[in-house]
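One structure is given below, encoded as structure tokens.
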Protein chains: 2
Amino acid sequence: MKALSQVGKYGLRAILYLVAYPSENSYMSIRQISDELNLSFHFVTKIFRELTAKGILISYRGPSGGVALARPADQIMLIDVVKALEGEDYFDKCLIGLPNCGTAKPCPVHEFWKEMKTKIQQNFTETSLATLGEKIRSQEFRLDD
Amino acid sequence: MKALSQVGKYGLRAILYLVAYPSENSYMSIRQISDELNLSFHFVTKIFRELTAKGILISYRGPSGGVALARPADQIMLIDVVKALEGEDYFDKCLIGLPNCGTAKPCPVHEFWKEMKTKIQQNFTETSLATLGEKIRSQEFRLDD
DNA sequence: CATATTTAAGAGTATTTTATCTTATTTAAA
DNA sequence: TTTAAATAAGATAAAATACTCTTAAATATG
């Protein structure tokens, strides 16, 4: 089940690296992130520009510049990042693509699918980047292959 | 959450129409299906060729030809169609795209995502096309806009 | 001030997905 | 046996997504 585009996958991995290995009171360069995760530097840069424009990251140019979280990691929820990367309507889509699929005139799998989306949305809403960063730092979880 | 490609969405809607409005002991033409659902005839034809090749549909050429289910609708499960259209590895994908994401070296959202995929897989495994066709025939559920 | 380092912006390219079109083959029925 | 109706096959086109590249702007530091 491919739930995220490449932009979503790369963006999440990159921001999680930033969260997991924060440079104390300073910016981390995109080059370091893309190198560590073996992602295209230019592609990550483009994705991060979007996250910066959406107020999730802040960026600073010049030597010792880079990117950083705009808020503390425990105040950025997974759902914020996913919606920023995949669109605000991420959880509003009908499984079989019907426009305005809802309780009024539902598709045959509407109820079940709504239930699943709600569960996922809840989890993403409760999960902060801090929690995920912690997991990665614990070495029991990974961000690359 | 875009869980299915256009092929998956169109293919599901088209096969569900076939299930919901079966022509007794005969084939339904792809033209009728695509017309009714406002889908591209050629695109549906291509998708159905795949379902025929995979043994989910049977087809017959010539006048009064068309397509039909290869087995009774209660013996074709939603998961069969989804896997035929989206790939057998549909439920094996890591949310953030890590290869071989598993219990051994999981990504930070592995456990939760596995749980969700399992729930969806279970539902799709239990849900037959007959059940969905029934719903559509009841007029309380729709296949088009 | 000159230089090096970094992100910003957006143009450009490649690949994949989606959709269309053409021709061939099969088959029923006039 | 001719014709029309249907799917099969695959080439082609269009659009979306994924990725790359170039230039500009900002900024720290020697």
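The figures here come from the full heavy-atom set of this structure, side chains too, leaving out hydrogens, waters and symmetry mates. Letters A, B, ... mirror the listed sequences (proteins, then strands); counts begin at 1.
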(request) Taking the side chain as every heavy atom from C-beta outward, state whether B:Glu115 and A:Lys119 have any atom pair closer than 4.5 Å. (result)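 They are not in contact (no side-chain heavy atoms under 4.5 Å apart), so the answer is no.
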(message) Please give me every residue in residues 33-42 of chain B whose heavy atoms get under 4.0 Å of an atom in DNA chain C, ordered by residue number.
(response)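 DNA chain C contact set from residues 33-42 of chain B: B:Ser40, B:His42.
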(message) Suppose the criterion is ring-ring contact (aromatic ring centres under 6.0 Å, His included): which pairs have a residue in residues 57-89 of chain A, not counting sequence neighbours?
(response)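 Found A:Tyr27-A:Tyr60.
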Where [X] and [Y] come nearest, the two heavy atoms and their spacing:
{"X": "A:Gly8", "Y": "A:Glu86", "result": "CA-OE2, 3.2 Å"}
{"X": "B:Phe141", "Y": "A:Pro108", "result": "CD2-CA, 3.9 Å"}
{"X": "A:Ala84", "Y": "A:Ile56", "result": "CB-CD1, 3.6 Å"}
{"X": "B:Pro99", "Y": "A:Arg142", "result": "O-NH2, 2.8 Å"}

(request) Would you grab the first and last nucleotide of DNA chain C (5' to 3') that comes under 4.0 Å of any non-hydrogen atom in chain A? (result)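 That gives a stretch of C:dA4 to C:dA11.
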In residues 63-79 of chain B, what donor-acceptor pairs under 3.5 Å come from side-chain atoms, sequence neighbours left out?
unit_1: B:Arg71; atom_1: NE; unit_2: B:Gln75; atom_2: O; d: 3.2
unit_1: B:Arg71; atom_1: NH2; unit_2: B:Gln75; atom_2: O; d: 3.2

(request) Describe the nucleic acid contact of B:Ser29 in one word from base, sugar-phosphate, nothing, applying a heavy-atom distance below 4.0 Å. (result)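 Result for B:Ser29 = sugar-phosphate.
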(request) Would you kindly compare A:Ile30 and B:Ser5 by the position of their nearest DNA chain C nucleotide and give the one closer to the 5′ end? (result)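 By nearest-heavy-atom nucleotide position, the 5'-most residue is A:Ile30.
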(message) Could you work out, with salt bridge (charged side-chain N to carboxylate O under 4.0 Å, His left out) as the rule, every residue matching A:Lys9, not counting sequence neighbours?
(response)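 In terms of salt bridge (charged side-chain N to carboxylate O under 4.0 Å, His left out), with neighbours along the sequence ignored, A:Lys9 is linked to no residue.
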(request) Say whether, by atom type as modelled, one donor and one acceptor occur between the side chain of A:Ser40 and the main chain of A:Phe43 under 3.5 angstrom. (result)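 Yes; at least one donor-acceptor contact below 3.5 Å.
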(message) Looking at A:Lys83, is its backbone amide N or carbonyl O close enough to the side chain of A:Lys54 to form a donor-acceptor pair, meaning the two atoms are under 3.5 Å apart?
(response)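 No: the side chain of A:Lys54 does not pair with the backbone of A:Lys83.
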(request) Spell out, yes or no, whether B:Ile58 and B:Ile47 are grouped together once hydrophobic residues are joined by side-chain heavy atoms under 4.5 Å, including indirect joins. (result)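 No; B:Ile47 is not reachable from B:Ile58 via cluster members.
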Quick one: [X] [atom1] to [N] [atom2], roughly how many Å, whole number?
{"X": "B:Gln6", "N": "D:dT17", "atom1": "CD", "atom2": "C1'", "answer": "13 Å"}
{"X": "B:Phe43", "N": "D:dA16", "atom1": "CZ", "atom2": "P", "answer": "13 Å"}
{"X": "B:Phe48", "N": "D:dA9", "atom1": "CZ", "atom2": "P", "answer": "16 Å"}
{"X": "A:Arg49", "N": "D:dA18", "atom1": "CZ", "atom2": "C1'", "answer": "14 Å"}
{"X": "B:Gln32", "N": "D:dT7", "atom1": "CD", "atom2": "C1'", "answer": "15 Å"}

(request) Report the residue (A:Leu4 or B:Arg31) whose heavy-atom-nearest nucleotide on DNA chain D is the more 5′ of the two. (result)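 Checking each residue's closest nucleotide, the 5'-ward one belongs to B:Arg31.
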(request) Name every residue in residues 50-66 of chain B that has at least one heavy atom under 4.0 Å from any atom of DNA chain D, in order of residue number, or write none if there are no such residues. (result)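 Going residue by residue through residues 50-66 of chain B, the ones with a heavy atom under 4.0 Å of DNA chain D turn out to be B:Ser59, B:Tyr60, B:Arg61, B:Gly62, B:Pro63, B:Gly65, B:Gly66.
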